[in-house]
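For reference, the structure discussed in these notes is given below.
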Amino acid sequence: MTANWGLGLAQEFSEQGAAYDGSKAGGGFMNAAAAVFGAATNAANMASARTAAGNLVDSAKNGGFTVSKDSANELIDTMSKFVDEIDAMDFQLAAFDQRPSLGGHQYGQLVAQHMHDAANDPNSARMVVKQLKEVLKLSIEALQRASGQYEETEANVVDAVNRTGNTI
């Protein structure tokens, strides 16, 4: 992933703007989407990105904006690919669970602890990537709701779980 990928998604949202129903949203969706993905590229703003994505879901639930299924599907596919990439990185990121072995001397132990803390700090790239995954999932949900596909997706999941013998 590159540092500018969030800006690319915001641009893609903007390019898809003709497909959404502006009469309900008053242009707010495009601004909110750009804010979500612009903020996601900065670790200090991740909490506001998650809030903005949550606001998109709430807006979609209340009919605050709509988007065509075709446009929504293109965006959902793109975001889903990023979620899949984040999931694929989990194995590699697990290396940060261990403190690096830098010797038994005091300085090596101090540096190893500092490296471990930095890799697992709430503002670390690792944690930001995990938070970004949640922002992407919320954005996908907002698009599914705005395009009328959420209930259909939810029904399919419930049906699949029920076929396995589990209940929700």
Side-chain angles (χ1 to χ4, degrees), residues 1-16 19 29-30 32-61 65 67-101 112 115-168:
M1 280 193 285
T2 65
N4 293 329
W5 74 269
L7 297 176
L9 284 176
Q11 178 63 34
E12 190 168 338
F13 265 91
S14 295
E15 291 170 1
Q16 298 294 326
F29 170 68
M30 289 303 161
V36 168
F37 292 104
T41 61
N42 182 334
N45 294 329
M46 187 53 71
S48 65
R50 190 177 188 308
T51 299
N55 289 342
L56 283 175
V57 172
D58 292 341
S59 179
K61 283 180 184 178
F65 71 95
V67 66
S68 72
K69 284 186 179 186
D70 290 338
S71 293
N73 287 340
E74 288 181 41
L75 294 169
I76 289 167
D77 288 345
T78 300
M79 288 184 215
S80 294
K81 289 176 186 175
F82 282 113
V83 169
D84 292 343
E85 284 186 35
I86 292 169
D87 286 341
M89 286 190 298
D90 274 349
F91 178 74
Q92 295 168 334
L93 295 175
F96 293 115
D97 292 335
Q98 305 280 333
R99 280 181 25 167
S101 178
M115 290 175 70
H116 181 265
D117 291 346
N120 294 290
D121 181 82
N123 290 320
S124 69
R126 179 184 188 194
M127 295 303 141
V128 169
V129 167
K130 286 184 177 191
Q131 293 170 353
L132 178 59
K133 179 180 172 182
E134 293 306 311
V135 170
L136 290 167
K137 288 172 128 183
L138 285 170
S139 298
I140 289 168
E141 179 183 347
L143 287 166
Q144 287 174 329
R145 288 182 182 276
S147 64
Q149 299 176 75
Y150 186 79
E151 289 77 19
E152 179 183 323
T153 302
E154 191 173 47
N156 290 338
V157 169
V158 169
D159 184 51
V161 169
N162 287 339
R163 282 190 302 225
T164 64
N166 299 324
T167 59
I168 294 182

(request) State the OG-NZ distance between S80 and K137, to the nearest 0.5 angstrom. (result) 10.5 Å
(request) Could you grab the distance from atom CE of M79 to atom CG of L138, nearest 0.5 Å is fine? (result) 11.0 Å
(request) Provide the closest heavy-atom pair for F82 versus L136 in the form atom of the first, atom of the second, distance. (result) CB-CD1, 3.7 Å
Sequence neighbours excluded and cut-off under 3.5 Å, please list the side-chain donor-acceptor pairs for residues 52-59, or say none.
unit_1, atom_1, unit_2, atom_2, d
N55, ND2, T51, O, 3.4

(request) Could you pull out the closest heavy-atom pair between A94 and R126, with the gap in Å? (result) CA-NH2, 4.3 Å
(request) Supply the atom-to-atom distance L75 CG to Q144 CD, rounded to the nearest 0.5 angstrom. (result) 12.0 Å
(request) Could you tell me which residues satisfy side chain to side chain donor-acceptor pair (under 3.5 Å) with N73, sequence neighbours excluded, listed by chain and number? (result) Q149
(request) For D84, check salt bridge (charged side-chain N to carboxylate O under 4.0 Å, His left out) against everything at least two apart and list the hits. (result) none
(request) Work out which heavy atom in A142 is nearest to a heavy atom in A60; give both atom names and the distance. (result) O-CB, 3.5 Å
(message) Between E85 and K81, is the salt bridge (Lys or Arg N to Asp or Glu O under 4.0 Å) condition met? List the steps.
(response) CA-CA 6 Å; E85 284 186 35; K81 289 176 186 175; over 6 Å; no
(request) Mind checking side chain to side chain donor-acceptor pair (under 3.5 Å) for T164 and listing every partner two or more places apart, or none if nothing turns up? (result) N166
(message) Just to verify, what does A118 make a side chain to side chain contact (heavy atoms under 4.5 Å, CB included) with, not counting sequence neighbours?
(response) none
(message) Could you measure the distance from the NZ atom of K130 to the CD atom of E134? Nearest 0.5 Å is fine.
(response) 10.5 Å
(message) Holding to side chain to side chain donor-acceptor pair (under 3.5 Å), I want the full list of residues that pass it with D77, two or more places apart in sequence or in another chain.
(response) none
(request) Kindly write out the residues that satisfy salt bridge (charged side-chain N to carboxylate O under 4.0 Å, His left out) with D87, not counting sequence neighbours, or none if the list is empty. (result) K133
(message) Return the CG to CE distance between D121 and M127, rounded to the nearest 0.5 Å.
(response) 8.5 Å
(message) The criterion is side chain to side chain donor-acceptor pair (under 3.5 Å); which residues satisfy it with D117, sequence neighbours excluded?
(response) Q113
(message) Please find the pair of heavy atoms, one from V135 and one from A49, that lie closest to each other, and give the distance.
(response) CG2-C, 4.0 Å
